[in-house]
Amino acid sequence: MSCEVELRKLASLFEGRLSDDHLVVAIDYLDHAENTLALETLCDYLCEEDVALNESEYKELLRLGVMVGADIDAGRFRYLRGLVAAH
């Protein structure tokens, strides 16, 4: 499965937890082959909205972050970890 397909699948997990507008913005980056920007944008929206994550969602965000070359030591990923523990 391509990285783009995996990112689209991941984004779909947050339907109903993120606004459609936020999901459209993140997915639009995928339409332009901006995988890293798409994942970082999705993560930023998850952080902004304090979306509850389960452990497997968090691990998938990290795995795909590594795959696209995102800085997984950045603040957004540390903040996301707290969303797993907080909910």
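- Remark: Y58 OH to L83 CG distance equals 10.0 Å, nearest 0.5 Å.
- Note that the CG atom of N35 and the CG atom of L30 stand 5.5 Å from one another [nearest 0.5 Å].
- Residues Y45 and Y29 share a hydrophobic cluster, clusters being chains of Ile/Leu/Val/Met/Phe/Trp/Tyr side chains in contact below 4.5 Å.
- For the atom pair CG of L80 and CG of L62, the computed distance is 8.0 Å after rounding to the nearest 0.5 Å.
- A salt bridge links R81 and E55; the closest N-O separation between the charged side-chain nitrogens and carboxylate oxygens is under 4.0 Å.
- Counting only distance, with no hydrogens or angles, the side chain of R78 and the backbone of D73 share a donor-acceptor pair below 3.5 Å.
- Looking at every heavy atom in both residues, F77 comes nearest to L39 through CZ-CD2, 4.4 Å.
- Smallest separation of non-hydrogen atoms from A11 and L42: CA-CD2, 4.2 Å.
- Remark: the backbone N or O of A70 is not paired with any side-chain donor or acceptor of T36 at under 3.5 angstrom.
- Of all non-hydrogen atoms in A38 and A26, the two that sit nearest each other are CB-O, 3.3 Å.
- Here CG of N54 is found 10.5 Å from NZ of K59. Values are rounded to the nearest 0.5 Å.
- A heavy-atom distance below 4.5 Å is found between the side chains of L61 and L53.
- Of the inter-residue distances, the one linking C3 atom SG with L64 atom CG reads 6.0 Å to the nearest 0.5 angstrom.
- Looking at heavy atoms from C-beta onward, L13 lies in side-chain contact with L10 at the 4.5 angstrom threshold.
- Within the structure, the side chain to side chain donor-acceptor pair (under 3.5 Å) test picks out the following pairs touching residues 13-23 (sequence neighbours left out): R17-E57, S19-H22.
- The CG atom of D50 sits 3.5 Å away from atom OH of Y79, with the distance rounded to the nearest 0.5 Å.
- Transitive grouping of hydrophobic side chains (ILVMFWY, heavy atoms separated by less than 4.5 Å) keeps I27 and L18 in distinct clusters.
- For residues 3-13, the set of pairs meeting the side chain to side chain donor-acceptor pair (under 3.5 Å) definition, not counting sequence neighbours, comprises E4-R8, E6-R63, R8-D31.
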